[in-house]
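Each ligand, and each atom within it, is numbered from 1 in the order the structure gives. Only a predicted model underlies this, so the values are computations on that prediction, with no experimental measurement involved.
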Amino acid sequence: MTSQETFVVIGAGQAGGRAVETMRAEGFDGRIVLVGAEAHVPYERPPLSKRLLISDDEEPARTYIHGREFYREKDIDLRLGVQATHIDRDARRVTLSDGGSLDYSKLLLTTGSKVRRLSIPGSGLAGIHYLRDIEESLAIRGDLTADAALVIVGGGYIGLEVAAAARIRGCRVTIIEMEDVVMNRVVAPEIGRFFAAVHRAEGVDIRTGERVAGFEGEGRVTGVLGVGGTRYAADVVVVGVGIAAETSLAEAAGLTVANGIVVDEFGETSDPDIFAAGDVANQPSPVDGGRLRLESWQNAQNQAIAVARVMCGTRTPHAETPWFWSDQYDLNLQMTGLASGWDRLVYRGDPADRKFTVFYMTGDRVVMANAVNAPRDLRYARMLIETAAPVEDAALADPAVPLKSLLPAG
Ligand SMILES: Cc1cc2nc3c(=O)[nH]c(=O)nc-3n(C[C@H](O)[C@H](O)[C@H](O)COP(=O)(O)OP(=O)(O)OC[C@H]3O[C@@H](n4cnc5c(N)ncnc54)[C@H](O)[C@@H]3O)c2cc1C
């Protein structure tokens, strides 16, 4: 070891995991400590609402990025099941829930997101679940027995993925969504309606424009009450009403926080020795010059890698067009770009075929795209967004015109 520095990373999720492996790959040979509140080595969460939920045979360890051996080999000190409770910026010291403390040269915060919890009558009853970690996914799976009545509160992508998994497992499924259309936050209403139709055809009862007033049951949930008085029978409930950045440590330490920990394009916070990446980071937007906080696999991985490199001395700014996906039944939805400021949609392919792409247009530019079972289209859509190439609607809509041919030469 030649470096006397210690890099401490708080949050052993996907971003934290990718950051520590990158530090070693970059040749940093000082001390690395990864502190994680969960008992698991860093893992990827997307399977938690997909294959882990669908199949009883699926092992949680398959979501691990690396096994424990990897961290031993790389001499990365894992402190799992341990919470970081305080950051003393003057002393450059982190206090831990196990009574210990860690001195750092540089600190990376990858504390991710926490789910929004309902606080309404009956919300403490057994059988009401949230979904963020492996234990919660397994608990839901255990309750999704054939013919069980599942009520899902929230028609976002988590709610819809859980609905698909539950239908595959033979449950009776109701979704309660307060907006008029599902997946309202991430896609155009037309695409939300397409997915709602798919779910209804699979037998899911979707109640849009409905709000939950409370839960009923003696000890365990037996019903969900809508604000208008409708009662939905429930053996199990999953609440998916969004997440918030886990910024409590950063706020208490006096870092600048505004919908996430505010960072620059290098992942630097308002303290030059402290960095942030992943769901918790509010970063400059590469798309519209504003700021954004992304809750996505791609960002958790690539921003963490970029920031770890900065910490190791390679100062390359992180800027990437957002990309996200969701799997429901036989449908793979991929999204790229940002859903702000579009004036019309252009379809390539027919939704009835369950394979199509939708381009969100501003003037003659593509600003976002959704591809359903059409991953190749999405790749080119992303290039169209990044190059801001002017395109004609007719060419985009014509499957005979290769999207590649619409990109600027070179
Ligand atoms: C069910 C589910 C399905 C998803 N599906 C998709 C998908 O299909 N596509 C997609 O792009 N994205 C998906 N995502 C989002 C993606 O998984 C997240 O964006 C990603 O996990 C963010 O990684 P992160 O490391 O920033 O944060 P997290 O994964 O939230 O990890 C943060 C970690 O920090 C720990 N922590 C927090 N505070 C402390 C502290 N004080 N001390 C110690 N440890 C602490 C937490 O316990 C947690 O383990 C999904 C997420 C979920 C939950």
Side-chain angles (χ1 to χ4, degrees), residues 8-20 33-53 63-65 78-87 94-98 102 107-115 129-138 140-141 154 156-162 164-165 186 238 240 242-253 260-261 263 267 276-283 293-305 307-308 320 322-328 331-336:
V8 172
V9 180
I10 302 177
Q14 187 187 348
R18 289 302 181 193
V20 293
V33 189
L34 178 59
V35 182
E38 294 183 68
H40 301 276
V41 290
Y43 63 91
E44 296 188 347
R45 296 182 199 273
L48 272 48
S49 51
K50 305 178 184 70
R51 56 169 206 259
L52 190 65
L53 213 50
T63 74
Y64 290 175
I65 297 173
L78 287 182
R79 305 289 181 91
L80 300 179
V82 175
Q83 187 114 16
T85 53
H86 179 71
I87 301 168
V94 175
T95 308
L96 304 177
S97 59
D98 64 3
L102 295 164
L107 179 66
L108 173 59
L109 300 176
T110 49
T111 47
S113 298
K114 56 185 176 201
V115 295
H129 298 277
Y130 293 81
L131 178 50
R132 185 74 197 166
D133 63 29
I134 285 179
E135 281 66 33
E136 289 165 334
S137 177
L138 293 178
I140 294 169
R141 186 169 91 179
Y157 81 90
I158 292 275
L160 295 191
E161 289 186 353
V162 172
V186 285
V238 175
I243 53 179
E246 178 46 272
T247 54
S248 47
L249 259 186
E251 270 173 76
I261 303 171
V263 297
D279 274 21
V280 80
N282 181 318
Q283 57 185 309
R293 193 175 69 76
L294 294 167
E295 299 164 358
S296 83
W297 179 96
Q298 170 191 260
N299 183 65
Q301 171 154 314
N302 294 346
Q303 193 195 18
I305 290 172
V307 174
E320 203 171 22
W323 173 76
F324 189 83
W325 86 95
S326 174
D327 294 322
Q328 298 166 36
L331 300 179
N332 167 254
L333 165 67
Q334 297 195 31
M335 303 162 242
T336 188

For a salt bridge (Lys or Arg N to Asp or Glu O under 4.0 Å) check, start with the C-alpha distance between E44 and R18, then their side-chain angles and the critical distance, and finish with the verdict.
CA-CA 10 Å; E44 296 188 347; R18 289 302 181 193; 3.6 Å; yes
Show the numbers, then the answer: is there a side-chain hydrogen bond (donor to acceptor under 3.5 Å, both in side chains) between S326 and E161?
CA-CA 7 Å; S326 174; E161 289 186 353; 2.6 Å; yes
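The nearest heavy-atom contact from the protein to atom 23 (O) of ligand 1 is A300 CB, 3.4 Å. With hydrogens left out, the protein atom closest to atom 27 (O) of ligand 1 is G112 CA, 3.2 Å, a heavy atom. In this structure, the protein non-hydrogen atom closest to atom 38 (N) of ligand 1 is T111 CG2, 3.5 Å. When hydrogens are left out, the protein atom nearest atom 2 (C) of ligand 1 is I158 CD1, 3.4 Å; that is the closest non-hydrogen contact. P46 CG, 3.6 Å is the protein heavy atom nearest to atom 6 (C) of ligand 1. Looking only at heavy atoms of the protein, atom 35 (C) of ligand 1 is closest to G11 CA, 3.8 Å. From the protein, the heavy atom lying nearest to atom 41 (N) of ligand 1 is A84 O, 3.1 Å. When only non-hydrogen protein atoms are considered, atom 49 (O) of ligand 1 lies nearest to E38 OE2, 2.5 Å.
When all heavy atoms of Y43 and I134 are compared, the closest pair comes out as OH-N, 3.2 Å.
Counting atoms of ligand 1 from 1 in the listed order, those under 4.0 Å from a heavy atom of W297 are 10 (C), 11 (O), 12 (N), 16 (C), 19 (O). The V82 neighbourhood of ligand 1 comprises atoms 43 (C), with distances under 4.0 Å to a heavy atom of that residue. Within ligand 1, the atoms closer than 4.0 Å to a non-hydrogen atom of T110 are 32 (C), 33 (C), 34 (O), numbered from 1 in the order shown. Heavy-atom proximity to G278, at under 4.0 Å, picks out these atoms of ligand 1: 26 (O). Each of the following atoms of ligand 1 lies closer than 4.0 Å to a heavy atom of I10: 40 (C), 42 (N), 43 (C).
The shortest heavy-atom distance from Y157 to ligand 1 is under 4.0 Å. Assignment of I243 to the shell around ligand 1 is not supported, since no heavy atom sits closer than 4.0 Å. V280 does not count as a contact of ligand 1, since none of its heavy atoms falls under 4.0 Å from the ligand.
Side-chain contact between V280 and T247 is present, with heavy atoms from C-beta onward closer than 4.5 Å. Between L249 and I10 there is a side-chain heavy-atom pair separated by less than 4.5 Å. Looking at heavy atoms from C-beta onward, V115 lies out of side-chain contact with L131 at the 4.5 angstrom threshold.
If you look at T85 next to ligand 1, there are no close heavy atoms at all, none under 4.0 Å.
Considering backbone and side-chain atoms alike, S296 places an N or O below 3.5 Å from some N or O of ligand 1. Looking at ligand 1, you'll find an N or O of A15 within less than 3.5 Å of one of its N or O atoms. Residue S326 has no N or O atom closer than 3.5 Å to an N or O atom of ligand 1. Remark: ligand 1 and W323 share no N or O pair separated by less than 3.5 Å (distance only, no angle test). For ligand 1, the polar-atom distance check against Q298 finds no nitrogen or oxygen pair separated by under 3.5 Å. The shortest N/O to N/O separation between A37 and ligand 1 falls below 3.5 Å.
Evaluated by nearest non-hydrogen atom to atom 5 (N) of ligand 1, the leading choice among Q303, R45, K50, Q14 is K50.
With L53 as the fixed residue, the side chain to side chain contact (heavy atoms under 4.5 Å, CB included) test singles out one of L48, L138, I140: I140.
A perpendicular orientation is assigned to the rings of W297 and W323, their planes being inclined by more than 60° (bins at 30° and 60°).
Looking at R45 and E38, a side-chain N of the basic residue comes within less than 4.0 Å of a carboxylate O on the acidic one, giving a salt bridge.
With Q303 contributing its side chain and A300 its backbone, the two residues share no donor-acceptor pair below 3.5 Å.
One side chain, Q283 or N299, offers a donor N or O that lies under 3.5 Å from an acceptor on the other. Defined by atom type and a distance below 3.5 Å, a donor-acceptor pair is missing between the side-chain atoms of Q334 and T336.
Here the OH atom belonging to Y130 is positioned 13.5 Å from the NZ atom belonging to K114, to the nearest 0.5 angstrom. One distance of note links CD of Q83 with OG of S248; it measures 7.5 Å at 0.5 Å rounding.
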